[in-house]
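Structure, as structure tokens:
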Amino acid sequence: MIALIDCNSFYASCEQVFRPDLKGKPVVVLSNNDGCVIAANQEAKALADIPMFEPVFKIKKQLIENGVTFFSSNYTLYGEMSDRVMRILQEFSPVVEIYSIDESFIDLSGMKHQDLRAYGIAIRDRIKRYTGLPVGVGIAPTKVLAKLANRRAKKEAGNKDVFVIDSEEKRIDTLKWAKIKDVWGVGRKHAKRIQDTGNYSAFDFTKMPLSWVRKQMTVVGERTWRELQGENCLPLERLPKPKKAIGTAKSFGKKLKKLAVIEEACSYYINEVSEVLRSQNCCAKYLKIFLQTNYHSEHDKQYHNSITVTLEVPTDNTFILNAEGKKALHQIFKPGYRYKKVGVCLSGIIPKEYVQTSLFQQTDEKAGLMEAFDRINQKFGKTALAPALMDSRRIGEWELIKKERSPRYTTQWKELLEIS
DNA sequence: TCTGGGGTCCTAGGACCC
DNA sequence: TCTGGGGTCCTAGGACCC
């Protein structure tokens with residue numbers, strides 16, 4: 001059996017843990033630049049006129065009128081709260097697959113003799129007690145079924161956030177209860193295609209011919225179909241896989257016209273992604289740079305372009321990547337536009353020890369430089385050392401807007417929660 | 001005025017290899 | 001007259017996830 005543990009309204013719940021005065025009140029968390037709503041607690045979801053992913057400027061009035069408290073996203077806080085939850089789960093199973101910031105699959109196959117519902121309740125209670133966060137627990141023979149069980153745990157009040165599919169009757173019953181669009185792995189497009197054939201529930205889907213599923217939804221859809229029948233196709237991944245692509249692309253706080261300022265943002269992002277690259281001991285062969293205007297705007301002239309640089313020798317060196325990135329950016333930049341976003345993405349990622357050096361390359365006299373660079377930044381702050389291209393005095397011209405960010409309660413001494 | 005960010009996997013088709 | 005067979009690698013595009 002597999003359990004899926006998933007935090008309820010994770011970001012909103014993290015904020016509420018440190019703001020007990022908000023208990024029972026509507027809370028939403030906003031995306032970068034405070035652009036749109038990305039998380040809402042139960043109370044906020046109950047207000048029908050606050051849909052998710054709605055641009056904030058369109059609903060700001062309703063938020064205020066309904067007394068909704070809103071927060072800018074505080075990923076430092078959420079990431080650290082997530083670590084706490086995942087550590088607790090390791091007490092319940094030797095095999096934990098961290099699937100996302102707020103959910104994990106755990107292997108319960110050694111616990112057949114246990115009362116699984118009682119076990120799920122114990123997980124739920126311990127996480128609540130140790131972190132203050134509410135979670136749902138779904139337990140079933142496959143991952144896709146565990147996802148559905150988890151959904152049912154939360155949707156049906158009587159389940160008290162724990163639901164177990166441990167019999168054929170419960171499996172069928174849950175399949176009939178679930179709409180096809182709520183099945184993990186079936187997105188908007190496929191849900192529509194399936195509904196167009198007159199099938200609406202997860203149960204209906206399992207009765208459709210496999211040939212149709214395979215043809216329309218590829219092998220991915222076939223796995224979903226089989227998993228719903230109780231056949232295991234998606235094994236638990238105990239170790240996180242190294243990333244195949246590492247990218248970042250954030251909208252600017254305001255529109256930018258000047259190349260020099262965009263260059264800085266770009267350099268800042270390259271600094272970030274190359275650090276992540278080094279943290280997994282890899283080098284990258286390709287560096288993609290892209291640039292775009294605001295595609296929502298009807299007044300602005302539109303332009304977007306990208307360029308991929310193939311590096312002669314795969315590298316993890318911030319300075320080399322920066323120099324290449326700058327050249328690439330110059331190639332795609334066109335003056336006269338109001339730019340909204342610049343992005344960088346590293347791919348062709350291979351372990352550092354596999355890197356084949358160029359025939360003519362000299363031995364690297366600066367080996368160890370990046371290691372020292374990272375260590376200094378770990379000790380003295382993220383950008384204590386940075387390429388000169390990144391002029392932190394000008395960061396205000398492009399950095400994100402986060403007007404309502406809560407304190408980083410768990411990672412900064414100066415921002416500890418105070419109780420008076 | 002103001003609209004998120006970071007990923008994965010699969011397939012088809014082209015280029016290329018022996 | 002008649003022109004093979006078995007592969008790999010790469011990329012773009014689509015669909016999905018949180």
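Below, read A as the first sequence line, B as the second, and so on, with proteins coming before strands; counting in each chain starts at 1.
Residue A:Arg214 places at least one side-chain N or O closer than 4.0 Å to OP1 or OP2 of B:dT11. Close to C:dA15, at under 4.0 Å from its OP1 or OP2, lies a side-chain N or O of A:Arg193. OP1 or OP2 of B:dC9 lies within a sub-4.0 Å distance of a side-chain N or O belonging to A:Lys241. Under 4.0 angstrom from either OP1 or OP2 of B:dC2 there lies no side-chain N or O belonging to A:Lys254.
Across B:dG4 and C:dC17, the matching C1' atoms stand 15 Å from one another, rounded to whole Å.
Between the OH atom of A:Tyr286 and the C1' atom of C:dC10 there is a distance of 7 Å, rounded to whole Å. Distance, A:Met217 CE to B:dT8 P: 21 Å, rounded to whole Å. Rounded to an integer number of Å, the gap from A:Glu222 CD to B:dT11 P is 10 Å. To the nearest angstrom, P of B:dG7 lies 14 Å from OH of A:Tyr99. Here B:dC2 presents its C1' atom at 14 Å from CD of A:Glu298, a figure rounded to the nearest Å. Rounded to whole angstrom, the span from the NZ atom of A:Lys288 across to the C1' atom of C:dA12 amounts to 10 Å. Atoms CD (A:Glu237) and C1' (B:dC9) sit 12 Å apart, rounded to a whole Å. Summarising the geometry, the separation between CG on A:Asp182 and P on C:dC17 is reported as 10 Å, rounded to the nearest angstrom.
Both cation-pi conditions hold for A:Lys170 and A:Phe163: the charged atom is under 6.0 angstrom from the six-membered ring centre and inside a 45 degree cone around its axis.
Each of A:Lys244 and A:Asn294 was matched to the nucleotide of DNA chain B holding its nearest heavy atom; the match closer to the 5' end belongs to A:Asn294.
Using a 4.0 Å heavy-atom criterion, one finds that A:Lys215 contacts no nucleic acid atom at all. Residue contacts shown for A:Glu54 are absent, as no nucleic acid heavy atom lies under 4.0 Å away. Residue A:Val37 is classed as having no contact, given no heavy-atom separation below 4.0 Å to the nucleic acid. Within the nucleic acid shown, A:Val186 comes within 4.0 Å of sugar-phosphate atoms alone, with no base atom in reach, counting heavy atoms only. Within 4.0 Å (heavy atoms only), A:Asp102 reaches sugar-phosphate atoms of the nucleic acid but no base atom.
For A:Asp182 and A:Arg151, the salt-bridge test passes: some basic side-chain N is under 4.0 Å from an acidic carboxylate O. With salt bridges taken as basic N to acidic carboxylate O contacts below 4.0 Å, none links A:Glu15 and A:Arg19.
In terms of modelled atom types and a separation under 3.5 Å, the side chain of A:Asn41 and the main chain of A:Ala12 share no donor-acceptor contact. Proximity of a side-chain donor or acceptor of A:Glu237 to a complementary backbone N or O of A:Glu97 within less than 3.5 Å is not detected.
Residues A:Arg278 and A:Thr318 have side chains that bring a donor and an acceptor to within less than 3.5 angstrom of each other. Side chains of A:Asp300 and A:Ser297: a donor-acceptor N/O pair is present below 3.5 angstrom, by distance only.
Base pairing annotation: C:dG7 forms a Watson-Crick or G-U wobble pair with B:dC16, both donor-acceptor distances under 3.5 Å.
If you look at A:Tyr119 and A:Phe92, their ring centroids are closer than 6.0 Å.
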Give me the distances for all protein-to-nucleotides 4-6 of chain B N/O pairs that come in under 3.5 Å?
residue : atom : partner  : partner atom : Å
B:dG4   : O4'  : A:Ser31  : OG           : 3.0
B:dG5   : OP1  : A:Ser251 : N            : 2.5
B:dG5   : OP2  : A:Ser251 : OG           : 3.1
B:dG5   : OP2  : A:Lys341 : NZ           : 3.1
B:dG6   : OP1  : A:Thr248 : OG1          : 2.5
B:dG6   : OP1  : A:Lys250 : NZ           : 3.4
B:dG6   : OP2  : A:Ala249 : N            : 2.5
B:dG6   : OP2  : A:Ala249 : O            : 3.0

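Checking B:dT11, B:dT3, C:dA15 against the side-chain heavy atoms of A:Lys255 singles out B:dT3 as nearest.
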